[in-house]
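Scroll down for the structure; my scribbles are underneath it.
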Amino acid sequence: MPDQRESAFYVTTPIYYVTAPPSIGNAYTTVAADVLARWHRQRGEDVVFLTGTDEHGQKVLEAAEQNGVSPQDWADHLVATEWMPVLDIVDASNDDFIRTTERRHTVRVQEFWQTIHDAGDVYEGTYEGPYCIACEEFKLPAELFDGPDGVKLCPIHERPVETLSETNYFFALSKYADRLLALYADQPTFVQPESARNEVVAFVKQGLQDLSISRSTFAWGIPVPWDTEHVFYVWIDALLNYVTAAGFGTDSERFDRVWPADVQLVGKDILRFHAVIWPAMLMAAGVEVPRRVFAHGWLQVGGQKMSKSKATAIHPSEIVDTFGSDAYRYYFMRTITFGSDGNFSWEHMSAVYMSELANGLGNLASRVTAMVGKYFDGILPEPAALTAPERELVEKLAQVAARADEAIDRVAIHEAVTAVADFVGTINGYVTEQEPWRVAKDDSDEGRARLATTLYAAAESLRAVAVLHHAVLPKTAAALWSALGADAIGPLADQRVQDSGRWGQLPAGATLTKGASLFPRIVDEELARLRVEAGA
Ligand code: ME8
């Protein structure tokens, strides 16, 4: 049910190149966006979560040629076999999926650039410079480094650049430098985190070069309407996906509700496109800029850059098949500071799984539901007066709920997840200290009352965990909600994170069931296999 906000919470991922199957790097952005989307839905907001694929340009053309098919067939194939299925694999709840070859996009791109052209910000010119096809980006000679035999290499892809020399159309980007600097000053959260903001401000302060926006040496792109010998440069086509999917130029009511985007997540490798070129394009067309562009860090595997040639790129399904989608999501959101670089290793993944999920949350939920089963026939008892340890739990819960919610506003996803994870540790500590299995041996009235209070407090705390962990652990939270008999309160989706810290919502009399364990212990052979694969 939409709440007081008039506009939707709009969150986007970059659209991914259909050159190869997804890696855990691409899925990292998708999962982060999904956690934000689910969190905001759980606040009762109207959420639009967009992802999709980037299908034009030289890089996709090359991939199609290498596979001996047309670029459109190649894109259709990869979208159907890889890019759509991976959304299910990581349990993404996107509301839309845009492909840049769709008509709803191509027509809008032509209209958008025709407007900028007619307003006088596009001119014909010649440019010669180094170009990295893997980045689809002109490079400055100073950015390159020398490879073997003095070949100039792209700093990101470590592959040779080409020299591109063409008569193209240019966008007068340089004239927007001052307006961009004013934007970064007036809207300090426009580029986040702070390190990314500083980098962008320093870059724009050096002055900007105009941008070549068309190509005439190949045809795989959207035709330039005023000169059909040219197709648009892939990036200035791709960036527009964020507005074309929001109804720009077709559905002004929807566009007003959805745009500007609240959070546009990008990897730090594509920050300049999103924090410099993108807002300048919007300014030229008189469209509002997004509220926040957030650059996350780069993922490595076992301390190494992922590369397909070295077979170090991991497909998300490799991890999900062993640990499940919830544990997958949890690992990346909980252990990596969002905005900094991170690392994945099988060893660390299994350690986090065992300690925080199987032995942590999973074991706690199973102990609590089992004890309510054993001592109260599965019916949640009425608690007696709270004592100091319960009052601490009540207070801690209120703080955790507020802290996690506030962290999400800063896109500090790891802080939100960690705050809830720490609370799971607090509940575990509470149960261990209260030793309900010992109290159960005392069948005096006081003993029964104490046991009832302890188990109620643990179950009620877990009720809040189900709501607060729902965004990162959707399947587990649903299973926990039902194991706690919390459907008596209402569906999990209707529980508001803002209210989750309020004590006493789980009604006495609810029926608890000890279902299957939330995080099955991975058998020793499986862990041994993972260790071997990790070379440990
Ligand atoms: O750049 N670590 O698409 P792309 C973290 N089509 N994130 C990673 C990563 C890694 N190792 N590898 C990839 C493009 N990513 C353009 C975008 S948007 C208008 C056009 C993530 O397929 C990261 O978010 O190369 C990166 O920005 C995104 O995948 C780009 O994927």
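Counting starts at 1 for both ligands and their atoms, following the listed order.
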Ring geometry between Trp83 and Tyr16 (parallel below 30°, tilted from 30 to 60°, perpendicular above 60°): parallel
Whether Asn343 side chain and Gly303 backbone form a donor-acceptor pair below 3.5 Å: yes
Ligand-side contact atoms (ligand 1) for residue partner Gly297, heavy atom cut-off under 4.0 Å: 5 (C)
With Tyr331 via ring-ring contact (aromatic ring centres under 6.0 Å, His included) - residues at least two apart: Phe344, His348
Protein contact of atom 25 (O) of ligand 1 - nearest heavy atom, named by residue and atom, plus distance: Tyr17 CD1, 3.5 Å
Min heavy-atom dist Cys135 to ligand 1 below 4.0 Å: no
Minimum-distance protein heavy atom relative to atom 17 (C) of ligand 1: Ile15 O, 3.2 Å
Side chain to side chain contact (heavy atoms under 4.5 Å, CB included) partner of Val417, chosen from Asp422, Val472, Leu473, Leu468: Val472
Ligand 1 contact on Leu299 by region, counting heavy-atom pairs under 4.0 Å: both
Nitrogen or oxygen atoms of Ile270 and ligand 1 under 3.5 Å apart: no
Region of Thr13 engaging ligand 1 - heavy atom pairs below 4.0 Å: neither
Identity and distance of the protein heavy atom lying nearest atom 12 (N) of ligand 1: Trp298 CH2, 3.3 Å
Leu239, any N or O under 3.5 Å of ligand 1 N or O: no
Contacts of Lys59 that satisfy salt bridge (charged side-chain N to carboxylate O under 4.0 Å, His left out) - sequence neighbours left out: none
For atom 24 (O) of ligand 1, closest protein heavy-atom neighbour: Thr29 OG1, 2.8 Å
Asp54 N/O under 3.5 Å from ligand 1 N/O: yes
Contact (N/O only, under 3.5 Å) between Asn26 and ligand 1: yes
Gly267 N/O under 3.5 Å from ligand 1 N/O: yes
Part of Gln300 within contact of ligand 1 (heavy atoms, under 4.0 Å): neither
pair Glu194-Arg197: side-chain heavy atoms closer than 4.5 Å: yes
Nitrogen or oxygen atoms of Lys59 and ligand 1 under 3.5 Å apart: no
Closest protein heavy atom (residue, atom, distance) for atom 26 (C) of ligand 1: Asp269 OD1, 3.7 Å
Close-contact set for ligand 1 against His274 heavy atoms, below 4.0 Å: 18 (S), 19 (C)
Gln42, Arg41, Lys475 screened by side chain to side chain donor-acceptor pair (under 3.5 Å) with His470, the one that passes: Gln42
contact_flag Trp235 ligand 1 heavy-atom lt 4.0 Å: yes
Flag side-chain contact, heavy atom, 4.5 Å: Tyr242 against Ile98: no
ring-ring contact (aromatic ring centres under 6.0 Å, His included) between His296 and Phe338, worked out: CA-CA 6 Å; His296 65 66; Phe338 201 65; 5.7 Å; yes
Ring pair (Phe, Tyr, Trp, His ring centres under 6.0 Å) partner of Phe171, the single match among Trp235, Tyr127, Trp113: Trp113
Which residue and heavy atom of the protein sit nearest atom 30 (C) of ligand 1, plus the separation: Tyr16 CD2, 4.2 Å
Backbone N/O of Asp405 and side chain of Arg43: donor-acceptor pair under 3.5 Å: yes
Atoms of ligand 1 close to Ala238 [distance to a heavy atom under 4.0 angstrom, numbered from 1]: 19 (C)
Within 6.0 Å of NZ in Lys175, more than 12 heavy atoms from elsewhere: yes
Gap between atom CG of Asp227 and atom CD of Glu124 - 0.5 Å precision: 7.0 Å
Top protein contact for atom 19 (C) of ligand 1, by heavy-atom distance: Tyr242 OH, 3.5 Å
Which segment of His296 sits under 4.0 Å of ligand 1 when only heavy atoms are counted: side chain
